[in-house]
Amino acid sequence: MAAKPPVPPFTRESATEKVRLAEDAWNTRDPERVALAYTADSRWRNRGEFVNGREEIVAFLTRKWTREQDYRLIKELWAFDGNRIAVRFAYECHDDSGNWYRSYGNENWEFDDEGLMRLRLASINDLPIKEQHRKYHWPLGPRPHNHPSLTDLGL
């Protein structure tokens, strides 16, 4: 597998870049593409679900984005050290009944020497919101670079 720069050890600049690359990939809602950023034996804890390896990552993300429609995500660097990055994030989506949610969370990431994520630990809370309270209105896909960050939005 080819390296996925930036690679550890991370600086503030390279950690921030890594977070934005992850956000952009997740906003494609393409499970196969997203899975390539993880080691073949990557381990996840996502809420109460445990996922192991790329095949399970693809299956998990396929289920997720079938259920979480019009998904838009913003990630923000929280901390970094060596081969680890901590992020906070919020995403908005709706279910098949049109009920909107904003989900808030934190992730702890650990990378191998090639810049592939080998460990992802995610804690997430969901908040039902009214459609008029949405804050993410960009077209589906990566967040425009001039769109406010979580901090800018007061989230």
Side-chain angles (χ1 to χ4, degrees), residues 1-39 42-47 49 51 53-54 56-95 100-112 114-127 129 133-155:
M1 184 71 191
K4 278 294 231 195
V7 300
F10 295 111
T11 62
R12 176 164 299 284
E13 180 179 286
S14 65
T16 299
E17 179 184 356
K18 195 71 157 179
V19 171
R20 185 59 191 245
L21 289 169
E23 174 190 313
D24 288 349
W26 278 64
N27 276 324
T28 68
R29 296 173 329 281
D30 179 344
E32 297 284 344
R33 176 180 171 189
V34 172
L36 293 176
Y38 300 89
T39 62
S42 185
R43 294 181 302 118
W44 287 18
R45 180 188 47 75
N46 195 89
R47 301 174 193 252
E49 189 169 352
V51 178
R54 283 197 189 123
E56 289 185 20
I57 290 170
V58 169
F60 171 86
L61 292 173
T62 299
R63 286 190 315 275
K64 173 183 178 64
W65 290 321
T66 298
R67 194 176 57 249
E68 297 176 354
Q69 299 171 17
D70 290 324
Y71 175 96
R72 291 171 178 84
L73 164 74
I74 298 177
K75 292 183 182 281
E76 193 169 276
L77 178 66
W78 185 254
F80 67 95
D81 184 46
N83 69 338
R84 293 181 173 166
I85 296 175
V87 300
R88 65 188 201 94
F89 64 88
Y91 65 85
E92 293 180 350
C93 63
H94 66 84
D95 62 20
W100 281 91
Y101 299 88
R102 185 174 306 119
S103 299
Y104 299 94
N106 299 292
E107 294 177 337
N108 296 314
W109 301 342
E110 185 177 272
F111 295 87
D112 71 6
E114 301 298 312
L116 295 169
M117 195 183 301
R118 65 177 163 214
L119 182 63
R120 175 182 171 269
L121 305 172
S123 298
I124 307 166
N125 299 299
D126 301 315
L127 175 69
I129 60 172
H133 295 140
R134 292 178 49 220
K135 295 183 181 280
Y136 304 172
H137 298 282
W138 68 84
L140 289 177
R143 173 173 55 107
H145 285 280
N146 63 348
H147 189 281
S149 68
L150 292 176
T151 297
D152 295 335
L153 291 168
L155 300 176

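Along the sequence shown, the residues carry numbers beginning at 1. Nothing here was measured: the structure is a model prediction, and the numbers come from that model. All values below were derived from every heavy atom in this structure, side-chain atoms included, with hydrogens, water molecules and symmetry-related copies excluded.
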Can you tell me if [X] uses its side chain to pair, donor with acceptor, with the backbone of [Y] under 3.5 Å?
{"X": "Arg72", "Y": "His137", "answer": "no"}
{"X": "Asp126", "Y": "Ser103", "answer": "no"}
{"X": "Asn46", "Y": "Ala122", "answer": "no"}
{"X": "Arg67", "Y": "Trp65", "answer": "no"}

Where do Phe89 and Trp26 land on the ring-ring contact (aromatic ring centres under 6.0 Å, His included) test, with the steps shown first?
CA-CA 12 Å; Phe89 64 88; Trp26 278 64; 8.2 Å; no

If you measure from [atom1] on [X] to [atom2] on [Y], what distance do you get to the nearest 0.5 Å?
{"X": "Asp95", "Y": "Asp70", "atom1": "CG", "atom2": "CG", "result": "11.0 Å"}
{"X": "Trp109", "Y": "Arg120", "atom1": "CH2", "atom2": "CZ", "result": "8.5 Å"}
{"X": "Leu61", "Y": "Arg54", "atom1": "CG", "atom2": "CZ", "result": "13.0 Å"}
{"X": "Asn106", "Y": "Leu121", "atom1": "CG", "atom2": "CG", "result": "11.5 Å"}
{"X": "Thr62", "Y": "Asp30", "atom1": "OG1", "atom2": "CG", "result": "9.0 Å"}
{"X": "Asp24", "Y": "His145", "atom1": "CG", "atom2": "NE2", "result": "5.5 Å"}

Relative to the ring of Tyr91, is the ring of Tyr71 parallel (under 30°), tilted (30 to 60°) or perpendicular (over 60°)?
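Aromatic pair Tyr71/Tyr91 classed tilted.
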
Evaluate Leu140 against Arg29 for side chain to side chain contact (heavy atoms under 4.5 Å, CB included), listing each step before the verdict.
CA-CA 9 Å; Leu140 289 177; Arg29 296 173 329 281; 3.5 Å; yes

Side-chain ion pair, Arg63 and Glu49, N-O less than 4.0 Å:
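Yes, this pair counts.
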
Not counting sequence neighbours, which residues clear side chain to side chain contact (heavy atoms under 4.5 Å, CB included) with Ser123? List them please.
Arg45

Test side chain to side chain contact (heavy atoms under 4.5 Å, CB included) applied to Leu150 - qualifying residues, sequence neighbours left out
Ile74, Glu76, Arg88, Ala90, Tyr136, Leu155

Shortest non-hydrogen contact from [X] to [Y]?
{"X": "Leu119", "Y": "Ser42", "answer": "N-OG, 4.2 Å"}
{"X": "His147", "Y": "Leu153", "answer": "CE1-CD1, 4.1 Å"}
{"X": "Trp100", "Y": "Cys93", "answer": "CE3-O, 3.2 Å"}
{"X": "Arg134", "Y": "Arg102", "answer": "CA-NH2, 4.1 Å"}
{"X": "Ser14", "Y": "Pro9", "answer": "OG-O, 4.5 Å"}
{"X": "Phe111", "Y": "Pro8", "answer": "CB-CG, 4.0 Å"}

Can Ile129 and Lys135 be said to form a side chain to side chain contact (heavy atoms under 4.5 Å, CB included), step by step?
CA-CA 10 Å; Ile129 60 172; Lys135 295 183 181 280; over 6 Å; no

Crowding at CG, Asp81 (>12 non-hydrogen neighbours, <6.0 Å)
no

Would the number of heavy atoms belonging to other residues, nucleotides or ligands and lying under 6.0 Å from CH2 of Trp78 be above 12?
no

State, with a plain yes or no, whether a side-chain heavy atom of Val19 is found less than 4.5 Å away from one of Phe80.
no

Between Glu23 and the options Arg143, Lys75, Lys18, the salt bridge (charged side-chain N to carboxylate O under 4.0 Å, His left out) test singles out Arg143

Have a look at Thr16 and tell me which of Leu77, Leu21, Ile85, Thr11 forms a side chain to side chain contact (heavy atoms under 4.5 Å, CB included) with it.
Leu77

Report yes or no: do Asn108 and Arg84 form a side-chain donor-acceptor pair below 3.5 Å?
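No, no side-chain donor-acceptor contact under 3.5 Å.
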
